[in-house]
Amino acid sequence: MVNIRDYLPDTSLLNETARAESIENDRLLRLIKAGRIVIPQNPRRPHPPCAIGEGCRVKVNVNVGTSRDLCYPELEKEKAEAAIKNGAHALMDLSTGGDLPAIRKTVLSTPVPVGTVPVYEAVRRAGSVQDVDADLLFNVIRDHCRDGVDFLTLHCGVNQDVLRSLKEDPRRMGVVSRGGAFHVAMMAAREEENPLWKEFDYLCEILSENQVVVSLGDGMRPGCHEDASKEAKTVEYLNLGRLARRAFQLGIPRMIEGPGHIPLEQIGYNVRMIKEITNHAPLYLLGPLVTDIASGYDHVVSAIGGAIACKHGANFLCMVSPSEHLALPRVNDIIEGTRASVLAAHIGDLLAGREDARKREIMMGKARQELDWERQFGLSLFPDIARSIHDRDTEQETCSMCGDLCAVKMVRDLFISPDGDRQAKEK
Ligand code: SF4
């Protein structure tokens, strides 16, 4: 039997994490022990800590990776660097084309936690989904752990009960999670149970040997709003609840992955239900996408859904890029998608009542009232954009929107003293 102690951060990592999150050491340790915070940190690859879960800042993951049709490892490196530069806290390498171990090594050379989905490589190694067996899958998982991957998305909750639900309560889009679809196809072709479900304890042994965090994948995330209330998703949630409990008993840190396309009004109860049945494990969401018809702007759609989800307890947002549903993202798509997710995460921090996030808002209000552009740029989530838009028209005290009719300046000069105190000026 493994023990959660194997994963507990040493004193210096604990101190560093507590400082970064503005959280007391004792509380941080208590929440880690309770399975409500994870710190993905493969000992083979030291990097600054990234705590995910209750009481921590909302974190952002960005997916990079090749496909068979577009396989340029240098482009993936550029995307990974652009994501980090724009605020990503973690990366996932979802490559399916080219030399997968070599590309993974490139992504692992970055200074952030890295996740992977081993079943992708298992399918490539086998040559077809039908030929992936349990041994191959576990071997690939072991290889990713030994390479230094910090967290693995594993679709352990896609079992025969889920398959039955898909048949009895069919969905318009079937299965849109690539990993989920692989497992469904493997199970159907081989007429076998998912080895990750059936041999979950064995999987946990591999993870514990390598101190790797499991992210219990949402293979049944709905692919359109019409599918949001179908049975398969709920059956998988219940499975994830059982697996989260078992992982906790075995001392394995785990995150839970959550829904894709769901209407805005359904976000609250979905998030709260997952949190409840997984004993408040850290929740990692793709989206939620609150409309199906904004192709090209799905990063905005996802940021809206992500912010609402944070209100109800989501902890980790997966970037959705403008090219979602359309093509493999390019560098600019990664930049735009990352920025939208960072924005949603900040709103999540505000909704969670984080004092540091609130203070920054107050400081921005003050800088705007004082027409202090340098401080406004510095406080902006994206200073370079703010500066370039402002400076393109004028470098005067006001901006070009109202020019000499600047409302802020007019009223400030009338009622507010130069030091910013809200006192009527003496005439
Ligand atoms: S010019 Fe108009 S938009 Fe610009 S700071 Fe003044 S009030 Fe705001």
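Sequence positions, counted from 1, serve as the residue numbers for this chain. Ligands are counted one by one from 1 in listed order, and the atoms in each one are counted from 1 as well. Side chains included, hydrogens not; waters and symmetry mates left out as well; all remaining heavy atoms used.
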For this session: Mind checking salt bridge (Lys or Arg N to Asp or Glu O under 4.0 Å) for Arg360 and listing every partner two or more places apart, or none if nothing turns up?
Result: none
For this session: Take Glu257 and Thr153 through the side-chain hydrogen bond (donor to acceptor under 3.5 Å, both in side chains) test and state the conclusion after the steps.
Result: CA-CA 8 Å; Glu257 297 186 14; Thr153 289; 2.6 Å; yes
Exercise. Going by the order shown, which atoms of ligand 1 are within less than 4.0 Å of some heavy atom of Leu371?
Worked result: 5 (S)
Pairs of donor and acceptor atoms involving the side chains of residues 22-29, under 3.5 Å and at least two apart or interchain, shall be tabulated with distances.
unit_1: Asn25; atom_1: ND2; unit_2: Asn15; atom_2: OD1; d: 2.5

Exercise. When you measure from the centre of the six-membered ring of Tyr120, is the NZ or CZ of Arg178 under 6.0 Å away and within 45° of the axis?
Worked result: yes
Exercise. Near atom 2 (Fe) of ligand 1, which protein N/O/S atoms are found at less than 2.8 Å?
Worked result: Cys402 SG
For this session: Apply salt bridge (Lys or Arg N to Asp or Glu O under 4.0 Å) to Asp218 and list each qualifying residue two or more places apart in sequence or on a separate chain.
Result: Arg221
For this session: Please say which of Gln211, His47, Gln41, His144 ends up in a side-chain hydrogen bond (donor to acceptor under 3.5 Å, both in side chains) with Asp150.
Result: His47
